[in-house]
Structures are given as C-alpha cells and as structure tokens.
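Presented below is the structure to which this report refers.
Side chains included, hydrogens not; waters and symmetry mates left out as well; all remaining heavy atoms used. Below, chains carry the letters A, B, ... as their sequence lines are ordered, and counting in each starts from 1.
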Number of protein chains: 2
Amino acid sequence: MIETRDLLFKALSDPTRRALFERLCESGEQSVGALTAPAGISQPAVSKHLAVLRQAGLVQDRQQGRQAYYSARPAALAPLVDWTERMARFWDARFDDLDDVLKRMDQ
Amino acid sequence: MIETRDLLFKALSDPTRRALFERLCESGEQSVGALTAPAGISQPAVSKHLAVLRQAGLVQDRQQGRQAYYSARPAALAPLVDWTERMARFWDARFDDLDDVLKRMDQ
DNA sequence: TTAATCCATAACCATCGGGATATGGATTCG
DNA sequence: CGAATCCATATCCCGATGGTTATGGATTAA
C-alpha cells in the first residue's frame with residue numbers, strides 16, 4: 001500500500017513523536033507514564049502521539065495490569081529506507097545515462 | 001543543526017510534495033509549468049510546495065528567461081538516512097546487550 | 001510598443017493537527 | 001469496600017497548512 005508510506009512520513013513529521021520513538025529505540029520498552037515525564041506535554045497528548053505511531057506500525061503496545069508498555073518496531077522504517085533508496089537510484093540512473101551520452105560523444 | 005532534520009521530515013510529510021520530488025528525481029530538471037500540468041493543483045500551489053522543498057534543501061532552482069527550472073538534490077536526504085540508521089543501531093545495540101545477558105546466563 | 005506567457009507573492013478560506021482539561025473504565029492499594 | 005493510580009477517549013481551542021483566486025513583475029512574442 002502507498003498509504004503505509006504516507007502514515008509513516010506523517011507520523012515522523014512531528015518532532016515530539018520522533019522524540020518518543022527515539023526514546024523507545026534507545027531505552028526499550030516504556031510505560032506511558034515513563035514516557036510522559038520527560039516529554040514536557042500532558043499524558044493525553046502522549047497517548048495520542050503513541051496512537052499515531054502505532055497506526056504507522058512504528059510502535060507496539062502491551063497491557064500489563066493498568067499500565068500500557070510501548071516498544072519500538074524499527075523494522076517499520078523499511079518503506080522509508082526503500083523510498084530514499086529508490087530516489088537515489090533514479091538519480092544515479094540519470095547520471096549513468098549521462099555517462100552513456102558522454103561516452104558516445106567521445107567516440 | 002537539528003532544525004535541518006525537522007525541515008526535511010516536514011517537507012516530505014506531504015504526498016503532493018513527495019510526488020513533486022519524485023518526479024524531479026525520475027525525470028530530472030523541470031520547469032514550474034511542466035510540474036504543474038500533472039500535479040492536479042494550481043500553479044501557485046506548486047510554487048509554494050517547491051519553496052518548501054527548496055528550504056529543506058531537497059531541490060534547487062535555476063532561472064532562465066521567464067522560466068524557473070527546478071531539479072532534485074537527493075543528497076539532502078542524507079540526514080534522514082543517518083537518522084534511520086541511528087534508530088536501527090540503537091535497536092541492534094539493545095539486542096547485543098540482550099545477547100550478552102543471555103550469554104552470561106548460560107555460564 | 002503591445003500582448004501574451006511564466007512564475008512568485010499576497011490575501012483569503014477551510015481543514016487539520018497538536019495542545020490542554022475533563023472524564024471514566026480498569027486495576028491496584030489500604 | 002473505598003481511594004488512588006494508570007491510561008484512553010471526548011471535547012475544545014488555536015495556530016499551522018494546503019488549497020484557491022487575484023495580482024504584478026519580468027521576459028518573450030507579435
């Protein structure tokens with residue numbers, strides 16, 4: 001789906017969400033409370049951001065008692081990597097074409 | 001600067017802007033008129049998107065007569081690649097730690 | 001010179017998005 | 001059981017954003 005890519009870029013476009021994701025990548029699984037403390041925003045705001053990240057597949061959650069533990073799923077970044085590589089490949093291909101042209105001009 | 005990364009993610013968060021960037025990567029330098037035709041939005045809207053992409057360093061423009069030719073600068077994607085790699089590295093590092101723990105547990 | 005073309009900017013509008021507070025269900029603690 | 005804690009959801013507010021039309025400067029064509 002192309003929509004996956006859209007969800008991914010949208011989810012990562014907000015610095016607060018990136019910070020949450022970074023924290024989960026760095027420090028592993030965290031409860032919402034643990035994530036809220038250093039975030040500098042309210043708990044409901046954190047919950048909303050986590051919901052967006054989850055919808056993009058970037059995090060997963062696990063219920064334990066009355067706490068929700070979130071963890072990162074960096075594999076979800078794959079479509080982003082694919083896209084950047086594709087863009088770079090287009091670029092390289094066009095330079096290859098240019099090389100071909102130049103080689104032909106040499107002859 | 002951290003702000004560079006922000007401009008980058010923000011610029012790429014809009015599908016129309018990504019489409020413009022993709023087109024420039026695929027087909028090379030294009031005038032604003034050429035970009036507007038298939039974009040499905042007005043010319044001023046395209047100009048605004050191009051301004052955002054330019055501020056993020058993703059495109060550059062060149063004036064020739066009354067036309068403005070835009071081209072992609074895929075190298076500007078580097079901070080995005082760096083960031084994703086860093087996230088993946090955190091992830092791997094934590095698994096390495098886990099490996100250490102497991103190895104110690106084996107002994 | 002006059003008319004037409006190309007593009008950026010200005011002004012405006014509707015929607016989206018991120019923030020807050022209020023609330024309530026589920027769980028744990030006393 | 002009653003009180004406190006954890007978190008998600010609902011609601012609201014406001015600034016950001018993406019779209020439009022209007023306009024004008026610069027350049028090219030007639």
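Between the C1' atom of D:dG18 and the CG atom of B:Leu20 lies a distance of 13 Å, rounded to the nearest Å. The nearest whole Å value for the distance from the CZ atom in B:Arg17 to the P atom in D:dA16 is 15 Å. Distance, A:Leu50 CG to D:dA8 P: 7 Å, rounded to whole Å. When the C1' atom of C:dC7 is taken as reference, atom CZ of B:Arg54 falls 11 Å away, rounded to whole Å. Counting to the nearest Å, the P atom of D:dT9 and the CG atom of A:Asp61 are 10 Å from each other. One can place CD of B:Gln55 at 11 Å from P of D:dT17, the figure rounded to the nearest angstrom. One atom, NZ of B:Lys10, and another, P of C:dC16, lie 18 Å apart when rounded to the nearest Å. C:dG18 atom C1' lies 14 Å from atom CG of B:Asp6, rounded to whole Å.
Not one side-chain nitrogen or oxygen of B:Ser42 sits closer than 4.0 Å to the OP1 or OP2 atom of D:dG19. The shortest distance between the side-chain N/O atoms of A:His49 and the OP1/OP2 oxygens of C:dG19 is below 4.0 Å. Within the structure, a side-chain polar atom (N or O) of B:Thr16 is placed less than 4.0 Å from OP1 or OP2 of D:dG19.
Classification of B:Asp82 and B:Arg5 as a salt-bridged pair fails, no side-chain N sitting under 4.0 Å from a carboxylate O. The pair B:Arg23-B:Glu29 fails the salt-bridge criterion, with no side-chain N (NZ, NE, NH1 or NH2) lying under 4.0 Å from an Asp/Glu carboxylate O.
Annotation: of the two residues near DNA chain D, A:Arg66 and A:Ser47, the 5′-most nearest-nucleotide partner is A:Arg66. The residue among A:Asp14 and B:Gln67 whose nearest nucleotide of DNA chain C is located toward the 5' end is B:Gln67.
Closest approach to the A:Gln43 side chain among D:dA8, C:dG19, D:dG18 is made by D:dA8 (side chain taken as heavy atoms from C-beta onward). When distances are taken from the side chain of A:Pro44 to each of C:dG18, C:dT21, C:dC6, the shortest belongs to C:dT21. In this structure, the nucleotide among D:dA8, D:dG18, D:dG19 sitting nearest to the side chain of A:Ala68 is D:dA8.
In terms of modelled atom types and a separation under 3.5 Å, the side chain of B:Arg17 and the main chain of B:Leu12 share no donor-acceptor contact.
In this model, a donor atom of one side chain and an acceptor atom of the other lie less than 3.5 Å apart for B:Arg62 and B:Gln64.
In the interface, the side chain of A:Lys48 is not paired with the base of C:dG17 through any donor and acceptor atom under 3.5 Å apart.
Each of A:Tyr69 and A:Val52 belongs to its own hydrophobic cluster when Ile, Leu, Val, Met, Phe, Trp and Tyr are linked at side-chain heavy-atom distances under 4.5 angstrom.
Among the heavy atoms of the strands lying under 4.0 Å from B:Tyr70 are primed sugar atoms or P, OP1, OP2 only; no base atom is included.
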